[in-house]
2 protein chains.
Amino acid sequence: MNITSKQIAELCGVTRGTVDRALNNRPGIHPETREKIMRVAEELGYRPHFLAQSLVKGHTKTLGIVLFDIHNQIFSQLFHAFEAEARKRGYIVYLVLSNRDKELELEYINNLLDRRVDGIALLPANDNKKFESFLLRSRTPIVTFGNRLSGPFPYIWINDKQAICDSVAFLASQGYRRIIYLSPPLMRKGKENIYVPEQRYQGFVSACADIPDMRFDVIAQKQYLTELESLLDHNDSKCAILCSSDVYALEVLKWLKARKIRVPEQVGLMGFDNIDFLTYINPALTTVDYNVNEIGTKLADLLIRRIHNDEVPAETLIDHHVVQGESVMLHCD
Amino acid sequence: MNITSKQIAELCGVTRGTVDRALNNRPGIHPETREKIMRVAEELGYRPHFLAQSLVKGHTKTLGIVLFDIHNQIFSQLFHAFEAEARKRGYIVYLVLSNRDKELELEYINNLLDRRVDGIALLPANDNKKFESFLLRSRTPIVTFGNRLSGPFPYIWINDKQAICDSVAFLASQGYRRIIYLSPPLMRKGKENIYVPEQRYQGFVSACADIPDMRFDVIAQKQYLTELESLLDHNDSKCAILCSSDVYALEVLKWLKARKIRVPEQVGLMGFDNIDFLTYINPALTTVDYNVNEIGTKLADLLIRRIHNDEVPAETLIDHHVVQGESVMLHCD
DNA sequence: CTGTTAGCGCCTTCAG
DNA sequence: CTGAAGGCGCTAACAG
């Protein structure tokens, strides 16, 4: 059904070797034969069989990217940038969603490996040694992001610890003296890879400890709103809720609104990620911004450079900064 | 570097044919030899070479999906469902983003075809005959969604025309007597495939025409807020802005808020799609809901069935209904 | 400058 | 029950 180089060879009265020389314009072929072959190939709409090519060349010009899901907009933004960069460099990408399922993640990575992807961009849910040595044994270039492994896998993200420290410092500078840190992913401690949540948590605790009269709590469970209810003092305007990502902050904001608790008058609120959708939210959420497009682009770049056996830094950290919205206020006293 | 069936054959002192019989448990092999081969394969962590397999079997267990982009949440939701269903059925998917660029779309489809994907789920930006015959000639199963082609390509989406009719009817039932329909994609008429925007537009015009004293306008340009500014009468509470998708409605809402024009007191507002994020928006947007997860799942199902040469309906339309939020109000007079 | 040969890794028919 | 041989479509090294 599909035209092959063999057929072109027959039509041109030459052999496949010659056809190959013409098609991949390699030296050692008479200009005229080349012309003829090219013309015939063109007319017949010849397209090389990618799989056959890959089989012999040993590469597929394919990247795999493993994400938890794509509901959190930060990841769809990241993917968009990743995909665009990959395309510019001649790669097409498999997007697989692990749904934070460790088994599924493993299954998917195996599948990608079977398909001989040239490299994998991985947001890991697994974290044990067995997993890491499995990845290493695959001898396939891997770059991680958004969660770290302990082994020698390049990593790109932001300095999460510092970012939360900055957030706490910012809240303190506005006069807040109590912070409730809300990070449900922490509940998965010991079960899944929660490197980034842990980093943020550590940043939070250490930053708070450095501020003399700062009181703080941590919510790390699925029923976070229930716990928030019991923790929140409606009459302490110097209390702020700091969320480990915008999606939680949005849930909290919705919950607060339903309870007619005013932000920032009665309680301060901060998110993390500065996803595009925040632009439609009132009051404007104070959050931590970083250039996720840059992460996506560099992620692809790092991976492709690793594929080409270029040296890449073990760690690439993108800048971040607190963007002030209307969900926190300055306390003058 | 990677263990092959040939090596297993040598180690077991048999030939590749026999190894194949064991591995793909086919008949005609002595139980003991099978046992042995399986054990060795297991120990060596043998994994068949997917490309080689595909090359000879003629299928890749791979699907391609072409989207404009993934910023509109409706498409990330759709992808999630599509990916999940594909995985359950043993397929992995290439996600490519055309950015509504017709050239790029073509390039991508060619690329997917070169890679011998078993089928393509397509949200087409192109629409001319040449494009369609190109797709047909590829002899690759294709299912379209979110925009239609004229040829015999199965299509799944909703009844857009009816959905907008329902929206207009709903607004009319609430007492609105002027509707500004905002659909920037219409400006691409004649340049790109705008089947769905066109359907909605037609639904809008015909529905309005059926209501005696209804006045209506249409905004179909990039600078839609500028035009809205000139069209909007701040003192006509019976005027509603009907947007062709939630993302525009959100932009409009933001713009109205900045101008201190109250919704729904001074103007009504409706969106379309009911993306998940709306849950965080105030006032709650009135919009058209449909089960996009179902579309994603069925899209994969249809495509896979077409791949298996099963008959599939030329058109699959998912239910929709208007969900009332707080962005429109009832006019009693 | 061109043809021949071998091979990528797997599957499948045909003998034995 | 097993081996031998040919082929999927393309590349590459070696002769001529």
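What's counted below: heavy atoms across the whole structure, side chains too, no hydrogens, waters or symmetry copies. All of these numbers come straight from a predicted model, not from anything done at the bench. Below, chain A is the first sequence line, B the second, and so on; all start at residue 1.
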Sorted by chain and number, sequence neighbours left out, salt bridge (Lys or Arg N to Asp or Glu O under 4.0 Å) with B/D69 holds for none
Numerically ordered, the residues 111-119 of chain B set in heavy-atom contact under 4.0 Å with DNA chain C is none
From NE2 of B/H59 across to P of C/dC11 the rounded distance in Å is 10 Å
Taking C-beta and beyond as the side chain, do A/N2 and A/Y46 meet within less than 4.5 Å on heavy atoms?
no
Scan the side chains in residues 24-32 of chain A for donor-acceptor partners under 3.5 Å anywhere in the protein, sequence neighbours excluded, and list what turns up.
{"residue": "A/N24", "atom": "ND2", "partner": "A/D20", "partner atom": "OD1", "Å": "2.9"}
{"residue": "A/R26", "atom": "NH2", "partner": "A/D20", "partner atom": "OD2", "Å": "2.8"}

B/K57 NZ to C/dG9 P, in whole Å, measures 17 Å
Sequence neighbours excluded, the answer for salt bridge (Lys or Arg N to Asp or Glu O under 4.0 Å) partners of B/E198 is B/K189
Is there a donor-acceptor pair closer than 3.5 Å between any side-chain N or O of A/E105 and the backbone N or O of A/N126? yes
Sorted by chain and residue number, the side chain to side chain donor-acceptor pair (under 3.5 Å) partners of A/R39 (sequence neighbours excluded) come out as none
Taken to the nearest whole Å, CD/B/Q7 to P/C/dG9 is 8 Å
Just by modelled atom types, is the A/R116 backbone N or O under 3.5 Å from a matching donor or acceptor in the A/T60 side chain? yes
Is it the case that the side chain of B/T140 and the backbone of B/S138 share a donor-acceptor pair, with hydrogens and angles ignored and the cut-off at 3.5 Å?
yes
Note: B/R148-B/E315 ion pair, threshold 4.0 Å (strictly below): yes
Terminal axes of the helix from C/dC1-D/dG16 to C/dG16-D/dC1 (5 end pairs apiece), angle rounded to 10 degrees, sit apart by 50°
Between CZ of B/R47 and C1' of C/dG9 the distance, given in whole Å, is 16 Å
From CG of A/D20 across to C1' of C/dA6 the rounded distance in Å is 14 Å
For B/Y94, the ring pair (Phe, Tyr, Trp, His ring centres under 6.0 Å) test, sequence neighbours excluded, returns A/Y94
When rounded to whole Å, the CG to C1' distance for the pair B/N24 and C/dC10 reads 9 Å
Taken to the nearest whole Å, CG/B/L23 to P/C/dG9 is 15 Å
Between B/Q53 and C/dG9, does any side-chain N or O lie under 4.0 Å from OP1 or OP2? no
Salt bridge (Lys or Arg N to Asp or Glu O under 4.0 Å) filter on A/R34, not counting sequence neighbours, yields none
Give a yes/no answer on whether the side chain of B/S5 brings an N or O atom under 4.0 Å of OP1 or OP2 in C/dC10.
yes
DNA chain D: first to last nucleotide in contact with chain A (atom under 4.0 angstrom from a heavy atom), 5' to 3', is D/dG9 to D/dA12
Residue pair B/L55/A/V56 against DNA chain D: nearer the 5' end by closest nucleotide is B/L55
By ring pair (Phe, Tyr, Trp, His ring centres under 6.0 Å), B/Y108 pairs with (sequence neighbours left out) none
**OP:** Examine distances only and state if a side-chain atom of A/T144 and a backbone atom of A/P154 form a donor-acceptor pair shorter than 3.5 Å.
**Re:** yes
Would you tabulate the nitrogen or oxygen pairs shorter than 3.5 Å linking the protein to nucleotides 2-4 of chain C?
{"residue": "C/dT2", "atom": "OP1", "partner": "A/T33", "partner atom": "OG1", "Å": "3.2"}
{"residue": "C/dT2", "atom": "OP2", "partner": "A/H30", "partner atom": "N", "Å": "2.8"}
{"residue": "C/dT2", "atom": "OP2", "partner": "A/T33", "partner atom": "OG1", "Å": "2.8"}
{"residue": "C/dG3", "atom": "OP2", "partner": "A/T15", "partner atom": "N", "Å": "3.1"}
{"residue": "C/dG3", "atom": "OP2", "partner": "A/T18", "partner atom": "OG1", "Å": "2.9"}
{"residue": "C/dG3", "atom": "N7", "partner": "A/R21", "partner atom": "NH2", "Å": "2.9"}
{"residue": "C/dG3", "atom": "O6", "partner": "A/R21", "partner atom": "NH1", "Å": "3.3"}
{"residue": "C/dG3", "atom": "O6", "partner": "A/R21", "partner atom": "NH2", "Å": "3.3"}

For residues 57-81 of chain B, the ring-ring contact (aromatic ring centres under 6.0 Å, His included) pairs (sequence neighbours left out) are A/H71-B/H80, A/H80-B/H71
* Asked: NA contact type, A/F50, heavy-atom cut-off 4.0 Å: base, sugar-phosphate, or nothing?
  -> nothing
